[in-house]
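Data first, discussion second: the structure below is written as structure tokens.
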Amino acid sequence: MSGGWSRGMTTKLAWRNLAHDRVRLIVTLVGIVFSVVLMGMQSGLLVGFTRTTTALVENASADLWMVPKGTLDVDLGGPLDERRRYQALAIAGISRAEPYLVNFARWKKPDGGTESIQLIGYRLGDELGGPWNLDEGSALDLARPDGVIVDRLYAKKLGVAKVGDTVEINGRRARVVGFTRGIRTFTQSPYVFTSLPNARDFVGASAETAGYVLMSVAPGVDPAAMEAEIERRIPEVEVYQSAAFSKSSSDYWLFTTGAGFSLIISAVLGLVVGIVIVAQTLYASTIDRLPEYATLKAMGAPSSYLYRIIITQAGIGAVIGYAAGIAIVVGLVLLSAEASAAPVLPLWLALGLGGLTLVMCIGAAVLSIRKVMSIDPVGVFR
Amino acid sequence: MTAVLRADAIRHVYGSGPTAFEALRGVSVEIHRGEVVLLLGPSGSGKTTLLQVLGGLLRPTAGTLELGGRPLVGLDLEELSRVRLANFGFVFQAYNLFPTLTAGENVEVALDLIGIRGAAARKRSHELLAEVGLADRVHSYPAKMSGGQKQRVAIARALAADPAVILADEPTAALDSTSGAKVVSLFRGLADQGRAVVIVTHDNRILGSGDRIVEMEDGLMVQGAHPAQGASA
């Protein structure tokens, strides 16, 4: 007699146990699918919002951000004297320092309606802080005294359809010279890119006013060391490394406003609902099959044999439920690609959801395993 | 004749305190290879409890139990499981087949537990089912089989590990006389192959098929503890 047993037979028993009761199988799978979709969409929105709130910082190509003291979020910066830029450039190790303006403004549509926008002013000819994902037009056209670039996602909201459309920003004429694709804003005030002089004109700021100073460090220079050095030399400002400012911006919107917590709580609720449904249906299935488990025990099957059947049942449910659930999530993500608040599903999130689904289902098997642990094989004679 | 199974002064008490019930009150019995032992007695006499003790399913409150000279009392639950798997085949009144598996697969589960799997398991399960006259029902599900056929599948399953002892609890109680006779005939054949067969029964129809009748009453053995005492009726 050889020891051990095959995975094949326990898998067969597990699958037959599941498939034998179609209604219960469907209820189990619906519960898992619901859970996967809820977790997937909520965490997808969380990741999407995180990307949205950090998009300006992540795509600015700066190593360091000089910000007014107390600034936590890139969308809510205060004015900064452009002299700080020259002070930064005077520090050895800083290779570039460019002013950057982020300011709310009023956008008057051609049909007369108005919208709030966030005007982004950057120095043309420099890749720091400019628009990305350009879909039509050229950033060089922003050299026009009225040129602006908007994102296609918000074209309808802003009442424009094509290059050449004219609008008003804070009462001054502006002309659309290009469109980007997929640059979202968390505040729902669309980003509108323009040159720094245009931006200053639109918001009525002086030629010495900036919102931030974007900096690059010379090759081989440690950004952390430069951050500390600038803050030591210019105590009136704060300096962030790009990743830190990105995190600060997303933390501000997601956690200070509570938006992130509500998404996380919804995702956790999805997990809890999944655990409860799977645990209930698996437990009911185990109760139905107690005589069979008792028979196996009487025959001499070790407890681990029974556990494997139950865990495999949970695992099969997880795999099928996840496959269906993630397909729905992918469909919803694709459908909402053009929405202003779009969930995203990076590979790591899809894989993580798979792992979480498996853990959820196996965790839900604990009740059943405890029940099987208590089975007395003597019961088969009653 | 050497006893394959020997129980001595077995006591078993269910519960404790004022509600305690002594189901076995010092039972001694020997079971030998090649014999069919019928365990009789009224309800509550302790015969099923004795069967459970003999099969290593229930640890007695007191007494000794030996399988082929090896003491079983004192083994932990996992050790007892291994002993049952290797040495005992169980047959139950309600068959206790897995309803979601075919007859062949039911036998394959028992083979799987002892490490026989794949093609070897399928071949062996076919052989065992052929041995009980069900070669043509390998792919049938229990729901599509008669009571007698189900009991024969259960016997084939009990034989998977080639056990020395077959323990059966009322195996013919739910069967008609023809099916019951077939099952009893199978047990007779198993004993003739050198196995010991112990059958708990109320079924008067099979009393003539045992080599020995052991009678119990009120937790005590009143007849047939040893072969010489209980010649077939």
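Note that the structure is a prediction, hence the values are computed from the model and not measured. Protein chains get the first letters and strands the later ones, always in sequence-line order, with residue 1 at the start of each.
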Using non-hydrogen atoms only, which part of [X] is less than 4.5 Å away from chain A: side chain, backbone, both, or neither?
| X | value |
| --- | --- |
| Y95(B) | neither |
| E78(B) | side chain |
| L51(B) | side chain |
| E105(B) | both |

(message) Please check if the number of heavy atoms outside F34(A) that lie under 6.0 Å from its CZ is greater than 12.
(response)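 For F34(A), atom CZ is not crowded (no more than 12 foreign heavy atoms under 6.0 Å).
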(request) May I ask you to check whether over 12 heavy atoms, not counting those of R370(A), lie within 6.0 Å of atom CZ? (result)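 No, the 6.0 Å shell around CZ holds no more than 12 heavy atoms from other groups.
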(request) May I ask you to test the R117(B)-M9(A) pair for a side-chain heavy-atom distance under 4.5 Å? (result)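 They are not in side-chain contact.
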(message) If you define the side chain from C-beta out and look only at heavy atoms, does anything of L296(A) sit under 4.5 Å from L113(B)?
(response) yes
What's the shortest heavy-atom distance between [X] and [Y], and which atoms?
| X | Y | answer |
| --- | --- | --- |
| A301(A) | S81(B) | O-OG, 4.4 Å |
| N96(B) | P291(A) | ND2-O, 4.3 Å |
| L57(B) | P377(A) | CD2-CB, 3.7 Å |
| F90(B) | A298(A) | CE1-O, 3.3 Å |
| T102(B) | R16(A) | N-NH1, 4.4 Å |

(message) Among Q93(B), R82(B), R157(B), which residue has the highest count of heavy-atom pairs closer than 4.5 Å to chain A?
(response) R157(B)
(request) Between chain A and each of A94(B), G55(B), A158(B), P99(B), count heavy-atom pairs under 4.5 Å; write down the option with the most. (result)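 The answer is P99(B).
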(message) Using only atom types and a distance under 3.5 Å, with no angle test, would you say the side chain of R84(B) pairs donor to acceptor with the backbone of K297(A)?
(response)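 Yes, because the side chain of R84(B) sits within donor-acceptor range (under 3.5 Å) of the backbone of K297(A).
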(message) With rounding to the nearest 0.5 angstrom, report the CG to CG distance, L101(B) to L13(A).
(response) 4.5 Å
(request) Select, from M299(A), H20(A), R289(A), the one with the greatest count of heavy-atom pairs under 4.5 Å involving chain B. (result)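 Of the options given, most contacts go to M299(A).
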(request) Show your working on side-chain contact (heavy atoms from CB on, under 4.5 Å) between Y305(A) and V109(B) and close with a plain yes or no. (result) CA-CA 11 Å; Y305(A) 194 85; V109(B) 170; 4.1 Å; yes
